[in-house]
S.K.: 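The following block contains the structure, expressed as C-alpha cells.
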Amino acid sequence: PLFVRPPCVPYPVRRTNCPVDYISVYFQACLGAAPIRAGVDTLPAALFIAFFALGAGGTVQAINKYTPPNIAGWVFIVVGFGVMSLLKADSSVAQWVGYQVLATAGIGVLYTAPIFTVLAPLSVERNASALAFFSFVRNFAYTWGVTIAATVLQNELKKKLPDAFLALLSDGVEIAYAAIPVISTLDEPLRTEVKNAFADSMSVVWKVMIGIGGLGFLSLALIREIPMQQMTDDRFGLHEGEKVSDEEKAAAEVAVIPEMTN
C-alpha cells in the first residue's frame, strides 16, 4: 500500500490564501494534468484576482462609496462557487476557465473593498494599526478556509471512492494527494470511477464555500456607508528643505536623556 505522510496543511494549498486553489486538485485528479500543467490551468484565477482587486479600488475611488463593491464581491463569490460545483470529470475547457473567472472575480474584489470599510470611520493616524489587525484576521481566516476545504474533501473521498481503490492507500493519509499519482496507472472502469468520485467530492467543497459566501453576503447588512477621509496627515510626510534649528535639536536631546535614565 502507498504511504504519504499527511502535512498539517497540504503542500499544493500551503502557498495559497483562498480555497479556490483546490481547483488544481480537480485538474490533476479528473483531467489528468501534471502538476506544472495544473499550475498553468489556474492562470485564469491568478490573473483575474489581480485585475478585479485593482478594479475594486478604482471603483471606490471613482464613486466614493465602498458598499457597492463589497456587495458585488460577495455576489461573485456565491455565483462563482455555485457554478464551480457543476464541474464534472469531463467538463470542457470553456467551463472550467469561465467558472474560475467568476469565482476569482469575487475573491479579487474582496481583497480590496473591505479595506475601505475598515478605514472609513477611523482617523488617519489610526490607519496603520487598523490595517495590521485586519491583515491578521484575514490571514487567520485563510488558514481556516484551507483546513475546512481539506477536511470536507478528505471525508467526501472516503465516502465516494471505490473500495477497490481505497484498499491501495494506507490509513491516515491525505487521500487526495496520495491518490492523484496513482490514478493514471489504473485500469478502466476503475479509473473513470475514481475521477468521477473526485469531481463529486470537489463539488461538495464548492457547495460548502457557497454557504460560507452566503454568510459573508448576509454580513453586508452590518455595513454603514460613512464618508471617507479626503485629507492626508502631514506628520507622515517628508518636507524637502525643512531644517531643524540647533535649539530644537538641543531640546530633543534633553527630552530623550530622562527616558534613557529611567
S.K.: With rounding to the nearest 0.5 Å, note down the distance linking CG in L54 to CD1 in I49.
M.R.: 12.0 Å
S.K.: Test of understanding: clusters of I, L, V, M, F, W, Y form through side-chain heavy atoms closer than 4.5 Å, transitively. Do F133 and Y111 belong to the same one?
M.R.: no
S.K.: Using ring centroids (six-membered ring only for Trp), state whether Y22 and W206 fall under 6.0 Å.
M.R.: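 Not under 6.0 Å, so no.
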S.K.: What distance separates Q100 CD from T42 OG1, expressed to the nearest 0.5 Å?
M.R.: 6.5 Å
S.K.: Enter the distance from M84:CE to I210:CD1 here, rounded to the nearest 0.5 Å.
M.R.: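 Answer for the CE-CD1 pair, M84 versus I210, is 10.5 Å.
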S.K.: Could you see if V97 belongs to whatever hydrophobic cluster contains I77? Use Ile, Leu, Val, Met, Phe, Trp, Tyr and a side-chain cutoff under 4.5 Å.
M.R.: yes
S.K.: Applying the side chain to side chain contact (heavy atoms under 4.5 Å, CB included) criterion to I63, which one of T67, V60, T59 satisfies it?
M.R.: T59
S.K.: Closest heavy-atom contact between C30 and F198?
M.R.: SG-CB, 3.8 Å
S.K.: Mind listing the closest non-hydrogen atom pair of L186 and L190 along with its distance?
M.R.: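 Shortest heavy-atom contact: CD2-CD2, 4.0 Å.
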S.K.: In the single-linkage hydrophobic clustering (I, L, V, M, F, W, Y; side-chain heavy atoms under 4.5 Å), do V137 and L122 co-cluster?
M.R.: no
S.K.: Using a strict 4.0 Å threshold on nitrogen-to-oxygen distance, state whether D41 and R37 make a salt bridge.
M.R.: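 Yes, charged N to carboxylate O under 4.0 Å.
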S.K.: For the atom pair OG (S201) and CG (L157), what is the distance rounded to the nearest 0.5 Å?
M.R.: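 If we round to the nearest 0.5 Å, S201:OG and L157:CG are 4.0 Å apart.
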S.K.: Give a yes or no on whether the backbone of R126 and the side-chain of S129 come within a donor-acceptor separation of less than 3.5 Å.
M.R.: yes
S.K.: Can F134 be reached from L222 by stepping across I, L, V, M, F, W or Y side chains whose heavy atoms are under 4.5 Å apart?
M.R.: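 No, L222 and F134 fall in different hydrophobic clusters.
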S.K.: Are any side-chain N or O atoms of Y26 and backbone N or O atoms of L31, one a donor and one an acceptor, separated by less than 3.5 Å?
M.R.: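 No, because the side chain of Y26 does not come within donor-acceptor range (under 3.5 Å) of the backbone of L31.
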S.K.: Do L110 and F76 come close enough that some side-chain heavy atom pair is under 4.5 Å?
M.R.: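 They are not in side-chain contact.
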S.K.: May I ask you to test the P44-T104 pair for a side-chain heavy-atom distance under 4.5 Å?
M.R.: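 The answer is no, as the side chains (C-beta and beyond) never meet within the 4.5 Å cut-off.
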S.K.: Can you see which heavy atom on A89 is nearest to which on A199, and at what distance?
M.R.: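 Reported closest heavy-atom pair: N-CB, 3.6 Å.
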S.K.: For I36, look at atom CD1 and say whether over 12 heavy atoms of other residues, nucleotides or ligands are found less than 6.0 Å away.
M.R.: no
S.K.: Considering residues, nucleotides and ligands other than F116, do more than 12 of their heavy atoms fall under 6.0 Å from its CZ?
M.R.: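 Check passes, neighbour count above 12.
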S.K.: So, for A29 and I183, which heavy atoms are closest and what is the spacing to 0.1 Å?
M.R.: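 Smallest heavy-atom distance, with atoms named: O-CD1, 3.7 Å.
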S.K.: R191 and S184: which non-hydrogen atoms are nearest, and at how many Å?
M.R.: NH2-O, 3.5 Å
S.K.: Counting N and O atoms only, with roles assigned by atom type, does the side chain of S135 sit under 3.5 Å from a partner on the main chain of L131, one being a donor and the other an acceptor?
M.R.: no
S.K.: Could you walk me through whether W96 and F27 pass the side-chain contact (heavy atoms from CB on, under 4.5 Å) check?
M.R.: CA-CA 9 Å; W96 55 256; F27 291 139; 3.4 Å; yes
S.K.: Minimum heavy-atom separation for I180 to Q28, with atom names?
M.R.: CG2-CB, 3.8 Å
S.K.: If hydrophobic clusters are built from ILVMFWY residues whose side chains come within less than 4.5 Å, do V118 and F136 share one?
M.R.: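 No, no single cluster joins them.
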S.K.: How many angstroms lie between atom CG of L119 and atom CG of N127, to the nearest 0.5 angstrom?
M.R.: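 If I round to the nearest 0.5 Å, the distance is 4.5 Å.
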S.K.: Quick check on F217: does its CZ atom have over 12 non-hydrogen neighbours (other residues, nucleotides or ligands) under 6.0 Å away?
M.R.: no
S.K.: Would you compute the distance between atom OH of Y66 and atom CD1 of I71 and round it to the nearest 0.5 angstrom?
M.R.: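 Going from the OH atom of Y66 to the CD1 atom of I71 covers 11.5 Å.
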S.K.: Do V182 and F165 have side chains that get closer than 4.5 Å, going by heavy atoms?
M.R.: yes
S.K.: Do the rings of F140 and W144 sit parallel, tilted or perpendicular, given the 30° and 60° boundaries?
M.R.: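 Ring orientation of F140 relative to W144: perpendicular.
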S.K.: Are the side chain of T192 and the backbone N or O of E188 linked by a donor-acceptor pair below 3.5 Å?
M.R.: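 Side chain of T192 to backbone of E188: no pair is present.
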S.K.: Is a side-chain N or O of Q95 found less than 3.5 angstrom from the main chain of S91, in a donor-acceptor match?
M.R.: no
S.K.: Within the supplied structure, the quantity of interest is the number of heavy atoms (other residues, nucleotides, ligands) at a distance under 6.0 Å from K160 NZ; does it exceed 12?
M.R.: yes
S.K.: Taking the side chain as C-beta and beyond, is there a heavy-atom pair between P114 and N70 under 4.5 Å?
M.R.: yes
S.K.: For residues K65 and P227, determine if any side-chain heavy atom of one lies less than 4.5 Å from a side-chain heavy atom of the other.
M.R.: no
S.K.: Output yes when a side-chain donor or acceptor of T112 lies under 3.5 Å from a complementary backbone atom of A56, and no otherwise.
M.R.: no
